[in-house]
Amino acid sequence: MPPRQLRQECLWERVLPPAPPASRLGASLRTQVCVIGGGITGLCAAIRLLERGYQVVLLDAHRVGHGGSGRNVGLVNAGTWIRPDDVQATLGNAVGERLNRVLGEAPARVFEIIARHGIDCQAHNEGTLHMAHNAHGEADLQARHDQWRRRGANIELLTGARCREYCGTDKVSLALLDHRAGTINPMAYTRGLAAAVERLGGALYQDTPVTGLQREGDAWRVTTADGSVEADKVVIATGAYTEGDWNSVKNDYFRGYYLQVASVPLGGPAAEAILPRARGSWDTRTVLSSIRRDDDGRLLLGSMGRLDNKPAWFVRSWADRIQRHYFPELGTVEWECHWTGAIDFTPDHLMRLYEPAPGLIAVTGYNGRGNTTGTVLGAAMADFVIDDCVADLPMPFSRSRPVSVPGLRTGLYEAGFSLYHAGQCLRVVL
Ligand SMILES: Cc1cc2nc3c(=O)[nH]c(=O)nc-3n(C[C@H](O)[C@H](O)[C@H](O)COP(=O)(O)OP(=O)(O)OC[C@H]3O[C@@H](n4cnc5c(N)ncnc54)[C@H](O)[C@@H]3O)c2cc1C
């Protein structure tokens, strides 16, 4: 039989019922806080504001989940991508430790909000696995383990039979099991947050790109094509998907891409042996591979770079190569769909929190870790809007630090990732 057509579409959206009808802004409104961006950050900011009795209008240029929030791998990770000692070295002891603590506890905040708002999103809090691919990777995991254990984190190193059982492959000799972490369907989480915003009385407008932002007396005027919002305060949460020139957030990151390929639902003992407990994992390669399962038994593979500009045979060939390396006993796997999303990278791999002017607060630079970071930073920005207390923020405000030649960086990264994936397909590297 010829392979089925490989569709370019995001699995997370396809497995959900159609999104509820959306309203566009077509009037001039007055509110206390206007939130721009309907991803996890903006929605969590809106929820906290509404729960604390504030009026909120939230605007998104497209539909809720259009950005990274609807397309990501769904790993609910603790901490940043870089090791906690490196966070401390970059930000200083006090700030670094505060950020490590807040983001170390962040998965618990995600699972709490899911439970509080009854969000049905394939949530599993059984940990994630960081898998060593060679001796260098083993040393990295050992260091991460030691650094987090010193901070009291619930993580453990797996070796031998336990490692094989958790990972479902004998290609991994050491894995770091993070009991704090887990997995979700990120689009279902995002839509669940949006439903909570509306239930709490927030006004949510979609397909409404913001085109301007001006100070008018003591307030801010947020302009859109067919309307505007006058607000005392504005939260900007547009991340890697920032559109328009009305804010300068996008000067402070460069775009990188992340691809995913999903199989058809798989059954049988070979499929069930893959990641049977902690369902989300990634390896220690510089151009990493992520591996996870969904609730229907699909195998999802991911990596840095884009596939939306590559032919279907390349996508299949890359996915086959990774699957056959880690899980050869599956035999031939049919791949159902693939999709790509954009990430806001910063040169030091840490996020930026800004107060560009009184009454404006913005965040960006999650570097590919936004399910947890967006959840806690959204709420923290809301608290700042209300309490005006810098000491309560997970990190201090940054000055704008524009990234030099962002387009060139994006291009060079992408060329490197494409070459690496081609090398994987040709079996030159893995
Ligand atoms: C493929 C991929 C895999 C990833 N995997 C993981 C993972 O496993 N775990 C993890 O924690 N993180 C992961 N990330 C990162 C994570 O998805 C993001 O950091 C996070 O979703 C960012 O959320 P956000 O709300 O800040 O921004 P987004 O979700 O990007 O939302 C921004 C919103 O702003 C809107 N917007 C932009 N401009 C305007 C405008 N002018 N007017 C109005 N609205 C506007 C956009 O339409 C968009 O909906 C991944 C990212 C990608 C792309």
Side-chain angles (χ1 to χ4, degrees), residues 10-12 24-25 34-46 57-81 103 106-107 110 128 181-187 189-190 193-194 204-213 222-225 229 234-247 249-250 253 255-261 280-282 288 290-292 300 302-308 338-345 351 362-378 381:
C10 176
L11 173 76
W12 301 128
R24 296 182 69 224
L25 181 66
C34 178
V35 177
I36 309 174
I40 292 168
T41 308
L43 293 163
C44 286
V57 172
L58 189 147
L59 307 173
D60 196 283
H62 303 275
R63 301 302 297 269
V64 150
H66 166 79
S69 299
R71 311 168 188 242
N72 71 62
V73 179
L75 301 171
V76 180
N77 286 323
T80 67
W81 277 113
L103 294 184
V110 172
T128 53
T183 47
I184 50 174
N185 169 337
M187 180 59 102
Y189 178 52
T190 306
L193 294 173
L204 174 57
Y205 295 97
Q206 303 178 66
D207 299 317
T208 302
V210 169
T211 52
L213 177 63
V222 181
T223 315
T224 68
V229 180
V234 177
V235 173
I236 301 172
T238 49
Y241 282 80
T242 303
E243 289 178 19
D245 295 322
W246 51 273
N247 84 62
V249 160
K250 66 181 175 192
Y253 66 79
R255 270 186 156 205
Y257 295 90
Y258 198 93
L259 61 92
Q260 287 178 87
V261 186
S281 69
W282 68 103
L288 61 87
S290 58
I291 303 168
R292 66 159 292 187
L300 280 83
S303 187
M304 306 299 306
R306 55 198 304 178
L307 281 182
D308 51 350
H338 72 94
W339 67 102
T340 293
I343 289 177
D344 40 356
F345 284 112
M351 68 290 274
V363 69
T364 193
Y366 290 168
N367 288 275
R369 213 167 248 208
N371 290 331
T372 40
T373 317
T375 299
V376 297
L377 276 170
M381 289 199 290

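What you are looking at is a predicted structure, and each value in this text was computed from that prediction instead of being measured. Values below: every heavy atom of this structure, side chains too, minus hydrogens, waters and symmetry copies. Atoms within a ligand are numbered from 1 in the order they appear, just like the ligands themselves. All residue numbers refer to positions in the sequence shown, counting from 1.
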How would you list, by chain and number, every residue that makes a salt bridge (charged side-chain N to carboxylate O under 4.0 Å, His left out) with Arg306, sequence neighbours excluded?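 By the salt bridge (charged side-chain N to carboxylate O under 4.0 Å, His left out) rule, Arg306 matches Asp308.
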
Before you tell me yes or no, could you show the steps for Lys250 and Asp344 under salt bridge (Lys or Arg N to Asp or Glu O under 4.0 Å), namely the whole-Å CA-CA distance, both residues' side-chain angles and the distance that decides it to 0.1 Å? CA-CA 8 Å; Lys250 66 181 175 192; Asp344 40 356; over 6 Å; no

Any residue meeting ring pair (Phe, Tyr, Trp, His ring centres under 6.0 Å) with Tyr205, in chain and number order, not counting sequence neighbours: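 Scan of Tyr205 (ring pair (Phe, Tyr, Trp, His ring centres under 6.0 Å), adjacent residues dropped) gives none.
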
Using the ring pair (Phe, Tyr, Trp, His ring centres under 6.0 Å) criterion, which residues pair with Trp282? Sequence neighbours excluded.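 Once residues adjacent in sequence are excluded, the partners of Trp282 under the ring pair (Phe, Tyr, Trp, His ring centres under 6.0 Å) criterion are Trp81, His130.
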
List by chain and number: which residues place a heavy atom under 4.0 Å from ligand 1?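 Ile36, Gly37, Gly38, Gly39, Ile40, Thr41, Leu59, Asp60, Ala61, His62, His66, Gly67, Gly68, Ser69, Arg71, Asn72, Val73, Gly74, Leu75, Thr208, Pro209, Val210, Ala237, Thr238, Tyr241, Thr242, Glu243, Trp246, Tyr258, Gln260, Gly341, Ala342, Ile343, Tyr366, Gly368, Arg369, Gly370, Asn371.
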
Is it true that Asn371 and Asn77 share a donor-acceptor pair across their side chains at a distance under 3.5 Å?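 Side chains of Asn77 and Asn371: no pair found under 3.5 Å.
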
When you check the side-chain N and O atoms of Arg71 and Tyr241, is any donor under 3.5 Å from an acceptor?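 There is such a pair between these side chains.
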
